[in-house]
Amino acid sequence: MSCKVYKSRIDIWVYVLLVLSVGGCFILPAINGEPVIGIIIAGSMAAIWAVGLFGVKYEIRGNKLGIRNLFKWIWIPIDKISEVKKTKGYLAGAASSSQRVSIKISDRKILNSSMPVEISPCDIDGFIDNLLRINPSIKISA
């Protein structure tokens with residue numbers, strides 16, 4: 001069984017937000033003369049961000065699409081994907097980028113929802129091509 005892993009695309013604004021939040025956690029304790037506490041808080045914040053950012057990946061294994069968000073995997077049968085659409089947005093999802101792929105699933109029982117799944121693989125075109133090789137009946141929307 002072949003397996004293809006796609007890393008999540010991460011926009012520059014996410015790194016800027018990371019630096020600002022980690023720096024902000026360090027500055028106040030450092031100003032108050034407690035740099036060690038600032039280092040502990042900033043280090044903890046950086047670890048939380050790292051797990052959140054680098055804990056997202058997408059995997060196509062056989063006929064299933066796996067979406068890992070932190071420590072949780074969601075597996076979607078690729079033959080149940082009805083539509084794939086390139087989109088842009090900043091709403092919550094398993095994506096750290098505004099450039100996303102919206103995936104509609106024909107069987108809402110899989111995710112207990114009728115909402116599409118939005119993900120942001122680094123190689124969007126390669127990701128979509130790989131899905132189409134497995135399920136050529138997927139509709140591609142503009």
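It should be emphasised that the depicted structure is a prediction, and the values quoted were computed from it without experimental measurement. Positions are given from 1, in the same order as the sequence printed here.
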message: Test side chain to side chain contact (heavy atoms under 4.5 Å, CB included) on Ile134 and Leu65; report intermediate values, then the result.
response: CA-CA 11 Å; Ile134 297 168; Leu65 167 63; over 6 Å; no
- prompt: Given the rule in the side chain to side chain contact (heavy atoms under 4.5 Å, CB included) test, do Ile140 and Leu132 qualify, once you have shown the distances and angles that lead to the verdict?
  reply: CA-CA 9 Å; Ile140 306 299; Leu132 285 172; 4.0 Å; yes
- request: Could you check Tyr6 against Ile119 for side chain to side chain contact (heavy atoms under 4.5 Å, CB included), going step by step and ending with a plain yes or no?
  value: CA-CA 11 Å; Tyr6 294 89; Ile119 61 174; over 6 Å; no
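- In this structure, Ile124 and Lys86 approach most closely via the heavy-atom pair CG2-CE, 3.8 Å.
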Return all side-chain donor-acceptor pairs below 3.5 angstrom for residues 10-26, not counting sequence neighbours, or 'none' if the list is empty.
from: Asp11; atom 1: OD1; to: Ser97; atom 2: OG; distance (Å): 2.9
from: Asp11; atom 1: OD2; to: Trp13; atom 2: NE1; distance (Å): 3.1
from: Asp11; atom 1: OD2; to: Ser97; atom 2: OG; distance (Å): 3.4
from: Asp11; atom 1: OD2; to: Ser98; atom 2: N; distance (Å): 2.8
from: Asp11; atom 1: OD2; to: Ser98; atom 2: OG; distance (Å): 3.3
from: Ser21; atom 1: OG; to: Leu17; atom 2: O; distance (Å): 3.1
from: Ser21; atom 1: OG; to: Leu18; atom 2: O; distance (Å): 3.1
from: Ser21; atom 1: OG; to: Trp49; atom 2: NE1; distance (Å): 3.2

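- Residues Asp129 and Arg133 have side chains in contact (heavy-atom distance under 4.5 Å, counting atoms from C-beta outward).
- Judged by distance alone, with hydrogens and angles left aside, the side-chain atoms of Asn32 form no donor-acceptor pair with the main-chain N or O of Glu34 at under 3.5 Å.
- Rounded to the nearest 0.5 Å, atoms OH (Tyr58) and CG (Asn130) are 15.0 Å apart.
- For the residue pair Glu118 and Thr87, the shortest heavy atom distance occurs at OE2-CG2, 4.0 Å.
- Closest heavy-atom contact between Ile41 and Pro29: CD1-CG, 4.3 Å.
- Here the straight-line distance linking atom CD1 of Ile138 with atom CD1 of Ile78 works out to 7.0 Å at 0.5 Å rounding.
- Other residues, nucleotides and ligands contribute only 12 or fewer heavy atoms inside 6.0 Å of the NZ atom of Lys64.
- Residues Gly126 and Asp123 approach most closely at N-OD1, 3.0 Å, considering heavy atoms.
- Cluster annotation: Val84 is connected to Ile74 through the hydrophobic network of ILVMFWY side chains, with a link wherever side-chain heavy atoms come within less than 4.5 Å.
- Atom SG in Cys122 sits 13.0 Å away from atom NZ in Lys57 (nearest 0.5 Å).
- Atom NZ of Lys4 sits about 11.5 Å away from atom CD of Glu59, to the nearest 0.5 Å.
- When hydrophobic clusters are built by joining Ile, Leu, Val, Met, Phe, Trp and Tyr residues whose side-chain heavy atoms come closer than 4.5 Å, directly or via intermediates, Trp73 is not grouped with Phe127.
- Separating the CZ atom in Arg9 from the CZ atom in Arg100 is a distance of 11.5 Å, to the nearest 0.5 Å.
- The CG atom of Asp79 sits 11.0 Å away from atom CD1 of Ile105, with the distance rounded to the nearest 0.5 Å.
- Across every non-hydrogen atom of Leu131 and Ile81, the tightest pair is CD2-CD1, 4.2 Å.
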